[in-house]
Structures are given as structure tokens and as C-alpha cells.
Number of protein chains: 2
Amino acid sequence: MTGMEETPTRPPLEPVLATPAYVVLGMVRLGSRSGYEIKQTVEQSIRFFWTISQAQIYPSLELLERTGLIEGREEPQGRRRRRVFQVTPAGERELERWLEREEPMPFELRDVGMVKLFFADAMEPESAARLLQAVQARSEERLADLEQISEVALQVEREGNAHPMLTLRMGIAFHRAMIEVCEQFAEEASLARSR
Amino acid sequence: MTGMEETPTRPPLEPVLATPAYVVLGMVRLGSRSGYEIKQTVEQSIRFFWTISQAQIYPSLELLERTGLIEGREEPQGRRRRRVFQVTPAGERELERWLEREEPMPFELRDVGMVKLFFADAMEPESAARLLQAVQARSEERLADLEQISEVALQVEREGNAHPMLTLRMGIAFHRAMIEVCEQFAEEASLARSR
DNA sequence: TTGTACATGTAAAGGGTTACATGATTCC
DNA sequence: GGAATCATGTAACCCTTTACATGTACAA
């Protein structure tokens with residue numbers, strides 16, 4: 001921070017959008033055209049670390065258009081209405097500004113499965129083992145999902161976007177890590193039970 | 001459940017509590033006595049995969065006491081008020097019932113850092129590298145925190161509660177996995193940049 | 001005496017999802 | 001002809017956090 005040439009009170013000149021709006025902006029930039037398509041793309045790309053509901057998408061699109069960051073036009077399919085969007089130069093800049101902005105990035109995890117495991121010493125050992133198994137199975141399912149997406153990510157990578165593959169690898173790595181810990185602990189616990 | 005003397009339509013006899021209430025119940029069972037203490041314990045144990053604010057804790061304690069799952073009594077420290085709680089046999093049973101209940105356990109992760117990384121192909125390569133570095137640093141810090149807690153978890157384990165150590169190991173494993181992926185990708189990207 | 005920790009309580013605001021509403025198109 | 005998919009819009013609800021309010025004890 002230089003601080004020297006700043007005026008004492010500095011109101012933010014450009015309105016700072018909320019994260020969902022930036023997500024929508026980013027998805028339009030990556031080629032999602034309609035609100036419906038954005039929802040689908042989110043589900044098969046970032047849903048592992050970010051979700052967004054329809055009820056957020058359409059108002060976000062409206063806001064982005066009002067502030068000139070995207071431009072939309074009607075492009076109906078037959079008689080079915082449809083509004084498609086593309087990012088404006090201003091939108092491109094604002095997306096970069098957000099990406100580069102240094103801001104707190106809390107890693108927010110909410111997992112009832114892990115909470116239950118934390119308290120699992122209150123259970124019968126066999127029940128605790130079943131719970132552990134359920135948590136492991138969940139990660140295995142998720143891992144299978146993620147590995148399926150690899151094909152798409154590889155295609156996206158060839159088209160010049162290498163970072164979706166990075167976040168995919170993170171997801172894979174970290175469910176693998178979960179599974180490994182589950183397996184280790186299950187073994188230790190089963191030894192302890194048989195003693 | 002005997003079932004015979006029940007009326008045809010069977011409304012849930014025992015009210016199903018929300019997760020925060022079960023978390024509070026579980027913490028009281030593990031030895032947290034006051035609301036204040038519960039908050040502290042959560043911060044140094046499960047905050048990595050579950051948070052709970054003061055504004056949820058006190059009403060939860062009230063609810064748990066009303067439904068007979070915990071029992072409280074005033075135990076002031078000098079002139080400073082303080083209400084301490086302990087789990088009743090009914091509370092013990094209800095906690096187990098919740099732990100054993102098979103219910104969906106969504107793994108909910110919300111991470112602006114990963115979202116930004118996903119879109120990072122829109123940045124200058126150097127900026128993207130900085131962002132990656134920031135995400136890696138964040139996991140390194142978190143890892144250090146978690147490793148610090150190990151001592152406490154080890155003590156808890158000796159006292160007969162092995163599962164807090166399990167969830168701690170999960171946290172450690174999965175930030176290590178994140179760091180590893182960051183390092184790998186950084187190397188690949190730096191090679192690509194120098195070409 | 002001033003700041004920090006202990007201790008509880010709650011109103012208001014915020015952010016998000018669910019659910020409903022509407023209608024066209026396509027596939028079986 | 002009916003179900004699933006495409007497509008948009010929004011009101012109501014729910015959960016959670018933030019912020020404020022109040023007061024004691026203790027250490028620097």
C-alpha cells in the first residue's frame with residue numbers, strides 16, 4: 001500500500017459485485033450463453049467448490065447487463081424465448097480486477113459427515129465403523145464423478161484454458177486423501193476392536 | 001418402537017433437531033460446560049468443517065434443556081453469571097440416534113480461492129501464478145494450525161475419544177493434497193511460461 | 001485505569017435455497 | 001399423449017452471521 005496520494009475518504013468508485021455475479025460473469029466469458037446454460041455448466045464444473053441457484057443467476061445477469069459488463073439479446077429457439085449474453089470489454093476488465101483483487105478467501109467447509117465422525121466415540125464401535133464406511137463411500141462416489149469430468153476438462157485444456165483442470169485435480173486429490181485416511185483408520189479401529 | 005398402539009398417522013413423536021443443536025449437545029457431552037466454552041471448543045476442534053455462532057448456541061442450549069436432553073444449573077464465578085450444563089440419559093440416547101440416523105450428508109465446500117483459480121485463464125500468467133501461490137500459502141497456514149491441534153487431539157485420544165484425531169487427520173491430509181497439487185501445477189505452468 | 005477475557009442475550013440484516021408459476025419443445 | 005428438457009422469473013422461507021447490548025473479573 002502506498003497510501004500517500006490517496007484522499008482521506010475514498011468511496012469505492014466502481015460498485016463491487018458479490019461473488020455470485022462474478023461467477024456468472026466468468027461463466028459467460030467461458031462461453032455459457034443463457035442463464036439456463038450457466039446453471040448447467042456450474043453443475044458440471046465448479047459445483048464441487050461453489051454452487052449457485054437459478055434464483056441467483058437471472059437477477060445477476062440483469063445486474064451485469066445494467067452495469068454494462070455483459071450484453072444480451074433475445075435469441076429465441078422457435079417460439080421458446082431465450083436471452084443470450086456476451087461479455088463486454090468493460091466486463092472483461094472487471095472480471096480481471098476481481099480475480100486480481102487481494103481479498104480474504106475463506107475456505108468454508110460444512111460437512112455433517114465429518115461432524116458425526118468427530119462425535120462418533122459416543123456410538124457403538126460397529127456403528128462408528130458403518131459411519132466411517134458411509135463417509136468413505138461418499139468420497140468414492142464423488143471421486144468417480146470428478147474423474148468422469150476429466151475428459152471434458154482435458155478438452156477445455158486443449159482449447160487454452162488450463163485452470164479448470166487444476167481445480168479438478170484439487171478435487172480429485174482431496175477426495176483421494178479422504179479415502180486414504182478412512183481406510184487407514186478403519187484398519188486401526190478394526191484391530192482395536194478385535195483386541 | 002412398539003408401533004401397535006400408535007394412531008395410523010404417526011407424526012414424529014420426538015422432534016428432530018437441527019444440526020447446530022446436535023453439535024451443541026455433542027460438545028456438552030464431550031465436556032464443554034457453558035455456552036462460552038462450547039464456542040471456544042468448536043473454534044479449536046471442528047471449525048475446519050463446521051462453524052457455529054454465539055447467536056445459535058444460547059438458543060440451542062435453551063431448546064435442548066426444554067426438551068430434556070441437557071440439564072443446566074447456575075454456577076456463577078464470583079458475581080459473574082454462568083450457566084453450566086450436562087447431558088441427560090435422554091440426551092445421550094438422542095445424540096446416538098442422530099449419529100446413527102442415515103440421512104444425506106452433503107459435503108458442502110464454498111471456496112472463492114478455487115473459484116478464482118478456475119477462471120484464472122483470464123488473467124496474466126504472472127497474476128495467475130500469484131493467485132495459485134496465495135491459495136497454496138493459505139493451505140500451508142491452515143496445515144500449521146491443524147498440526148498444532150494434534151497435541152490436544154492426542155490427549156483426547158488417550159482419554160478414550162479416538163475420532164477427533166480422525167477428523168483432524170482428514171483435515172491435515174486434505175490440505176497436504178491441496179499443497180501438492182499447487183506445487184505440481186506451479187512447476188508445469190512455469191515451464192509453459194518459459195517456453 | 002484500561003484493555004482483555006469471561007459470560008450471556010438478541011434484533012436486524014444478509015445470503016441463499018426451495019418452491020411455485022408459466023410456457024415451448026422434443027423424445028418416447 | 002405424456003414425460004423430460006429447455007427456458008425464465010420470483011415470492012417466501014430459512015438459516016446464519018453481524019452487531020449491539022450488558023455486565024464481571026483480572027492482569028498490566
Would you mind classifying the nucleic acid contact of Glu108(A) as base, sugar-phosphate or nothing, using non-hydrogen atoms under 4.0 angstrom?
-> nothing

At under 4.0 Å between heavy atoms, which parts of nucleotides 23-28 of chain C does protein reach? Answer with one letter per nucleotide, 5' to 3': B base, S sugar-phosphate only, - none.
-> BBB---

Could you check Tyr58(B) against Thr51(A) and say which one's nearest nucleotide on DNA chain C is further toward the 5' end?
-> Tyr58(B)

Quick one: is dC6(C) close enough that its OP1 or OP2 comes under 4.0 Å of any side-chain N or O from Tyr36(B)?
-> yes

Run the salt-bridge test on Arg73(A) and Glu65(A) with the 4.0 Å N-O cut-off and return the result as yes or no.
-> no

Mind checking Pro20(A) for me? I need base, sugar-phosphate or nothing, with any heavy atom below 4.0 Å counting as a touch.
-> sugar-phosphate

Round to a whole Å and report the spacing from CD of Gln56(A) to P of dC13(D).
-> 19 Å

Is Arg169(A) salt-bridged to Glu188(B), going by a charged N under 4.0 Å from an acidic O?
-> yes

Parallel, tilted or perpendicular: rings of Phe48(A) and Phe107(B) (30°, 60°) | parallel

Touch class at under 4.0 angstrom, heavy-atom based, for Glu75(A) against every strand present = nothing

Could you check whether Arg110(B) gets within reach of a base, just the sugar-phosphate, or nothing at all, counting any heavy atom under 4.0 Å?
-> sugar-phosphate

Could you write out each protein N or O paired with an N or O of nucleotides 19-22 of chain C at a distance under 3.5 Å?
none

For the pair Glu96(B) and Arg93(B), find out whether any cationic side-chain nitrogen is under 4.0 Å from an anionic carboxylate oxygen.
-> no

Less than 4.0 Å between a side-chain N and a carboxylate O, is that true for Arg83(B) and Glu62(B)?
-> no

Ignoring hydrogens and angles, write down the donor-acceptor pairs under 3.5 Å from the side chains of residues 124-133 of chain B, residues two or more places apart or on other chains.
residue, atom, partner, partner atom, Å
Ser127(B), OG, Arg130(B), NH2, 3.3

Within the structure shown, what part of the strands sits under 4.0 Å from Ser53(A) by heavy-atom distance: base, sugar-phosphate, or nothing?
-> base

Electrostatic pair Asp111(A):Lys116(A) at N-O distance under 4.0 angstrom = no

If you check the Glu62(A) side chain, which of dC6(D), dT10(D), dT8(C) turns out closest?
-> dT10(D)

Going through the checks in order, is the ring pair (Phe, Tyr, Trp, His ring centres under 6.0 Å) test met by Phe185(B) and His163(A)?
-> CA-CA 9 Å; Phe185(B) 190 90; His163(A) 285 83; 5.1 Å; yes

Could you tell me whether Arg47(B) and Asp145(B) make a salt bridge, using a distance below 4.0 angstrom between a side-chain N and a carboxylate O?
-> yes

